[in-house]
Amino acid sequence: MLSQKSIDIVKSTAPILADRGVEITTVFYKNLFTAHPELLNLFNSVNQKQGRQQTALANTVYAAALHIDNLGVLLPAVKQIAQKHRSLGIKPEHYPIVGKHLLEGIKEVLGDAATDEIIQAWADAYGIIADVFIQVEIEMYKEAEEQENGWGEFKNFEIVDKVVESDIITSFYLKPVDGSAVPTYNPGQYITIRLAIPGETYILNRQYSLSQAPNQDTFRITVKKENEMNPNGKVSVYLHQNLQIGDTFEVSSPAGDFYLDMESTRPVTLISGGVGITPMMSMLDTLSKNSPTRPVSFLHGARNNALHAFDKDVQQLMSAMEDTTYLAFYSDENKLLTKELLAENVLANGDIYVCGPVPFMKAIIPTLYELGFAEEHVHFEFFGPAVSLEPA
Ligand code: HEM
């Protein structure tokens, strides 16, 4: 239990930390990686360079500080982050290391303003927040391990097929090297793949949504080939150019809290931009197989026809369904998913799922709210660490 004094200190100093949160987490990461370069095997260096990871961590610590005496309200957010942590193999023993460098970051940035009393209160608060994460993650590892055909951290998979879906998008079908079946998952969930790429000092981890309905045979991921000059594209370019059928890499068990509610019978609208189509394909495939009477509207934006993946597959899956709408729009032709189109094509009284690049999400989600769709029915997932939907 945190003392009332520590609670008061943490709450009253939280706004100062929020103001300087990104500065603090930037110093924190720098010191963390100097002291523990091996942790670079876990973090995505591009998210660091873009500042997205710093902002995500700072926002979470700030939110946790504000609710330090009632952390239960943050449980949904904690679970979302813990899913990502679990898919990366984050362990309880990592938490004290992060705590030590976070507190040092606070001291370094705030200087004399960070009295011993303040630092002690934050150390106590961090301990409590870390415990919540650790407990949630222990449960998640246990669940993943205990699932039929499941495993806790990473397992070796082999590429058994590689299928071109558009000029820049290719699917990879993956099977466990040990010959076992793959576990089931919720349509919309992702896996982390872990690769040692020749010439790279550290192991690279990337999350990819599973892009077909769960089945015992294979996982399928569908990957956009990034520009070779884009540092964020290292894994995607390597997958496209170097990895072939028969090659292997490590895969986490499926994770993530963005998935189709399969209990619901409500209409479903699936909205995606670019390669954000991947979780939607898993959802649509599942709906087509398991609940073909559920009304579905599938709205997809791509740059142009050549870059538009899964067009035929969407039509084929829909041919087995009763009540469907399918709309694809190309930004190169100046066709965007406008407020009017959303008003016409998002199904009323339904569940809405949105996935795409950051500008797409920033345009679509607030518009859905403006149109009166309730937040509890709008589910979305960003590529990479979540960012604020507020205008910059
Ligand atoms: C991701 C918060 C502890 C490693 C994240 C994200 C947040 C976060 C908000 C972004 C999630 C997203 O993708 O949307 C926290 C908090 C912690 C904590 C509040 C402490 C209470 C740790 C620890 C480690 C760790 C102990 C291990 C050293 C990571 C990694 C990612 C991540 C590797 C993914 C980053 C990337 O690939 O860009 N964490 N975290 N975190 N966290 Fe933590």
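Ligands are counted one by one from 1 in listed order, and the atoms in each one are counted from 1 as well.
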Interfacing atoms of ligand 1 (cut-off 4.0 Å, heavy-atom, Gln80):
14 (O)

In ligand 1, the atoms that come under 4.0 Å of a heavy atom of Val98 are 23 (C), 26 (C), 28 (C)

Considering Val61, Leu74, Ile90, Thr192 one by one, which has a heavy atom nearer to atom 24 (C) of ligand 1 than any of the others?
Ile90

Note: Thr60, heavy atoms under 4.0 Å from ligand 1, region reported as side chain

Verdict with reasoning, Asp8 to Gln4, per side chain to side chain donor-acceptor pair (under 3.5 Å):
CA-CA 6 Å; Asp8 294 343; Gln4 190 56 46; 3.0 Å; yes

So, taking the atom named CD1 in Ile119 and the one named CD1 in Ile106, what distance separates them when rounded to the nearest 0.5 Å?
5.5 Å

Under 4.0 Å to a heavy atom of Tyr126 - the qualifying atoms of ligand 1, by number
20 (C), 21 (C)

Look at Lys91 together with Glu153 and state whether they make a salt bridge at an N to O cut-off of under 4.0 Å.
yes

Taking the inter-plane angle between the rings of Phe33 and Tyr29 on a 0 to 90° scale, is it parallel (under 30°), tilted (30 to 60°) or perpendicular (over 60°)?
parallel

Under 4.0 Å from any heavy atom of Leu88, which atoms of ligand 1 are there?
30 (C), 31 (C), 33 (C), 34 (C)

Show the atoms of ligand 1 that are less than 4.0 angstrom away from any heavy atom in Phe133.
19 (C), 21 (C)

Between Glu165 and Ser171, is any side-chain donor less than 3.5 angstrom from a side-chain acceptor?
yes

Would His36 count as a contact residue for ligand 1, given that I'm defining contact as a non-hydrogen atom of the residue lying under 4.0 Å from a ligand atom?
no

Evaluate the criterion side chain to side chain contact (heavy atoms under 4.5 Å, CB included) for residue pair Met140 and Lys79; output intermediate values, then yes/no.
CA-CA 9 Å; Met140 286 179 175; Lys79 283 191 174 158; 4.3 Å; yes

Which bit of His94 is near ligand 1, meaning a heavy atom under 4.0 Å away: side chain, backbone, both or neither?
both

Please walk me through it: do Asp351 and Arg294 pass salt bridge (charged side-chain N to carboxylate O under 4.0 Å, His left out)?
CA-CA 11 Å; Asp351 302 318; Arg294 231 173 131 179; 3.2 Å; yes

Among Asn44, Asp131, Leu57, Leu42, closest by any non-hydrogen atom to atom 2 (C) of ligand 1
Leu57

Could you pull out, from Glu38, Gln83, His85, Glu381, the option with a heavy atom nearest to atom 22 (C) of ligand 1?
His85

Does only the side chain of Tyr95 get under 4.0 Å from ligand 1, or the backbone, or both, or neither? Count heavy atoms.
both

Value for OG (Ser3) from CD (Gln120), rounded to nearest 0.5 Å, stands at 9.5 Å

